[in-house]
There are 4 protein chains.
Amino acid sequence: MPAKRSELATWRREQIIDSAMSVFGGKGVDAASMKDVAMAAGVTQGLLYHYFAGKEALVVAVIAERGFLPELRRLLSAAADRPASEVLPEVVAGFDKLLTARTPLLGMFLSGAHGNPKIRAGLEAVIAEGQRLLGEYLTARVAAGELHEHEPSAVAQMLLCSSLVTAVMGLSSDPRAKTSILIHGLAAT
Amino acid sequence: MPAKRSELATWRREQIIDSAMSVFGGKGVDAASMKDVAMAAGVTQGLLYHYFAGKEALVVAVIAERGFLPELRRLLSAAADRPASEVLPEVVAGFDKLLTARTPLLGMFLSGAHGNPKIRAGLEAVIAEGQRLLGEYLTARVAAGELHEHEPSAVAQMLLCSSLVTAVMGLSSDPRAKTSILIHGLAAT
Amino acid sequence: MPAKRSELATWRREQIIDSAMSVFGGKGVDAASMKDVAMAAGVTQGLLYHYFAGKEALVVAVIAERGFLPELRRLLSAAADRPASEVLPEVVAGFDKLLTARTPLLGMFLSGAHGNPKIRAGLEAVIAEGQRLLGEYLTARVAAGELHEHEPSAVAQMLLCSSLVTAVMGLSSDPRAKTSILIHGLAAT
Amino acid sequence: MPAKRSELATWRREQIIDSAMSVFGGKGVDAASMKDVAMAAGVTQGLLYHYFAGKEALVVAVIAERGFLPELRRLLSAAADRPASEVLPEVVAGFDKLLTARTPLLGMFLSGAHGNPKIRAGLEAVIAEGQRLLGEYLTARVAAGELHEHEPSAVAQMLLCSSLVTAVMGLSSDPRAKTSILIHGLAAT
DNA sequence: GATGAATGAGGATTCATTCAT
DNA sequence: GATGAATGAATCCTCATTCAT
């Protein structure tokens with residue numbers, strides 16, 4: 001709780017966003033009321049509207065400022081010259097960790113993606129960017145002669161979507177098994 | 001609209017369930033009001049409560065009577081003696097079709113899975129059952145010598161989760177590419 | 001459950017009235033729904049309206065056909081030539097028993113007396129009649145020289161009202177103590 | 001309608017409680033809707049829930065803040081050394097006046113005592129306390145030699161219950177007649 | 001910056017009643 | 001006599017939002 005006025009303001013903002021994320025994530029965006037958020041943040045309802053134009057703006061702020069995208073980019077900026085057998089398990093494990101570390105946000109995506117276009121856009125961005133970045137890496141490995149020609153988006157989908165669903169549903173994911181199968185295939189001999 | 005009274009009653013029930021599925025799927029379970037459902041079904045709100053105990057009961061009825069489970073079972077009861085290279089693409093394509101054919105239900109799962117335990121249970125059942133059935137088939141193919149030893153649940157997750165997410169998000173899925181990669185692997189040579 | 005049609009009809013009527021009395025008494029007239037009554041009677045809602053014009057008519061029927069009035073009259077038709085010291089305790093004890101024996105009806109009076117004029121009328125009738133009958137007896141005893149001149153309605157009120165309230169509230173009543181005090185007075189010597 | 005904000009708030013609260021008391025008393029607690037209360041108080045329905053958690057909380061507030069108990073206590077704190085022939089008529093007349101002065105509250109008790117445990121508790125408290133206080137006084141008069149040994153609760157019941165019922169039913173009560181009979185008895189000579 | 005009183009529309013649900021079968 | 005499908009109005013309550021203080 002900083003002393004300076006302007007710092008206190010931004011601190012309050014962050015505090016509200018954090019509370020909003022956990023409340024929205026906990027009960028679902030629709031089911032959560034602004035009163036819930038206000039109480040969780042320890043402020044009055046009125047103050048919420050001092051910092052955010054409304055509920056939707058608060059949702060957007062949570063996605064924009066707590067979204068997975070920046071970390072996802074860093075995670076998938078895999079060194080293009082390291083072998084897939086090393087990089088892929090790392091990437092999948094990292095993505096799993098990223099998702100489970102911020103389950104409330106994932107809950108927001110799950111519950112709000114349908115009705116709220118803003119939330120949906122946030123979810124779509126994550127998937128599209130993940131698919132793109134992972135695809136780039138795979139293409140590079142094909143060029144390097146490690147992997148043979150294939151449809152990179154299919155691999156990206158299989159990897160990222162399974163992480164997404166397992167995180168959302170609380171299932172266990174096994175990055176090593178998945179990547180191993182993908183690289184060596186299932187066929188005998 | 002049948003003539004006999006008892007038939008009309010069951011017909012009404014079905015009609016309400018269908019309307020509920022599309023309304024819930026369209027706006028999300030939380031955002032959709034019982035009034036919406038009533039109007040979509042062309043009945044009064046009161047009648048909804050003559051057939052269903054409440055909103056939740058209606059949701060449960062939609063899941064129970066329009067759920068993917070029966071068709072999923074039929075779909076995945078793949079002949080254990082046919083090769084994976086044939087069966088897997090069929091299964092994935094079939095699952096894709098099954099999901100996209102009933103997008104409203106998928107929307108319900110997406111929007112309601114978080115807050116409503118009943119919906120979540122329905123979604124979990126679909127995933128668990130799919131994983132189990134597909135796993136059984138793969139194990140049989142390992143025994144038959146077509147595939148080498150592996151973790152079947154990892155394959156099932158990659159296949160089914162990617163179908164799930166692509167259907168939900170309206171992305172395109174390529175069953176043939178996915179299964180081909182899984183069987184032959186990505187590694188060069 | 002009699003065989004003949006007309007008997008069955010009257011039997012049903014009684015059955016409905018009994019169920020209505022206990023349901024109305026149990027939850028209060030307002031809080032009890034016609035559905036509650038129908039279920040308690042083991043009939044459909046529709047049939048209720050075959051026998052009674054509506055909820056109010058059912059309430060009136062319960063009061064008219066299960067009311068305290070007939071028994072109250074029999075009870076208070078005390079032999080005018082028997083001494084008050086004998087009659088009064090009998091009467092009060094009898095009234096207490098009458099009230100507690102049909103608590104549901106008492107509950108109806110309590111909960112419905114205010115809003116529903118019909119119920120209120122029923123309650124007023126019981127009180128007025130009790131006051132009148134008891135007053136007559138007391139006047140006779142004054143004439144017989146057993147009691148001195150007094151206001152009979154005051155005695156009736158003290159006796160009957162205390163029975164009413166104690167029955168309603170589930171308190172214990174002591175008829176012998178009350179009547180003894182009334183007859184001999186509280187004053188020392 | 002005070003100027004300061006905090007005063008206005010408490011004023012509103014009182015105003016709502018008053019309106020609630022008269023509305024609940026007028027139509028009965030069950031029959032009266034929150035809308036009725038809101039209109040009577042000249043506020044919107046929503047505001048009711050700003051001040052009170054719900055209908056029941058409002059009922060409880062009315063009983064707690066407008067109940068008879070405080071005044072009843074003051075009334076029955078009769079000087080233990082004054083003779084019963086003086087005190088008793090005063091007390092009964094005072095109780096009569098107290099009850100008739102706040103008929104709406106009495107109506108609430110009458111109509112709501114059955115279903116609502118909170119209301120019932122309020123009514124029971126009034127009766128129990130009245131019985132206790134009056135009993136204490138009578139015991140003191142026995143000790144003073146004015147009255148002979150007797151069951152005080154029987155006297156209290158006869159006095160208070162008859163006042164209660166006559167007030168509820170709008171009957172006339174004659175405090176002097178009642179107390180005179182109680183003190184001197186009915187028996188001739 | 002911060003409060004909380006106030007609003008008005010909308011939510012799920014219940015209910016007495018009717019009527020075709 | 002009996003059924004139960006159907007109605008529409010009413011009920012309690014919640015919510016996002018505004019604004020004077």
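None of these values were measured; they are calculated from a predicted model.
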key: D/Ala41 backbone acceptor or donor facing D/Gln15 side chain under 3.5 Å   = yes
task = Keeping the roles fixed (side chain from B/Arg102, backbone from B/Arg66), state whether a donor-acceptor pair exists under 3.5 Å.
result = yes
query = Is there side-chain contact between B/Phe68 and B/Leu106, with at least one heavy-atom pair below 4.5 Å?
reply = yes
ask   = In whole Å, what is the span from the CG atom of B/Asn116 to the P atom of E/dA12?
value = 13 Å
request  = Would you mind reporting whether A/Phe24 and A/Asp36 have side-chain heavy atoms less than 4.5 Å apart?
outcome  = no
Interatomic spacing from CG in A/Leu105 to CD1 in A/Ile63 - rounded to 0.5 Å = 7.0 Å
ask   = Where along residues 43-62 of chain D does a heavy atom come under 4.0 Å from DNA chain E, residue by residue in number order?
value = D/Thr44, D/Gly46, D/Leu47, D/His50, D/Tyr51
key: Donor-acceptor under 3.5 Å (D/Ser111 side chain, D/Val29 main chain)   = yes
query = Distance from B/Met169 atom CE to A/Arg120 atom CZ, nearest 0.5 Å?
reply = 4.5 Å
message = Donor-acceptor check, side chain of C/Arg13 to backbone of C/Phe52, threshold 3.5 angstrom: yes or no?
response = no
message = Rounding to an integer number of Å, can you tell me how far D/Arg13 CZ sits from E/dG4 P?
response = 16 Å
query = Within the structure, does a side-chain N or O atom of D/Arg12 lie under 4.0 Å from either OP1 or OP2 of E/dA5?
reply = no
ask   = Reading DNA chain E 5' to 3', how would its secondary structure be written in dot-bracket notation, given Watson-Crick and G-U pairs with both distances under 3.5 Å, brackets [ ] for crossing pairs and | for partners on other strands?
value = .||||||||||||||||||||
note = Note: A/Met108 and A/Gly25 closest approach over all heavy atoms is CG-N, 3.7 Å
task = To the nearest 0.5 angstrom, please state how far the CZ atom of B/Phe109 sits from the CG atom of A/Leu110.
result = 11.5 Å
note = Note: contacts of residues 25-41 of chain B with DNA chain E (heavy atom, under 4.0 Å) are B/Ala32, B/Ser33, B/Met34
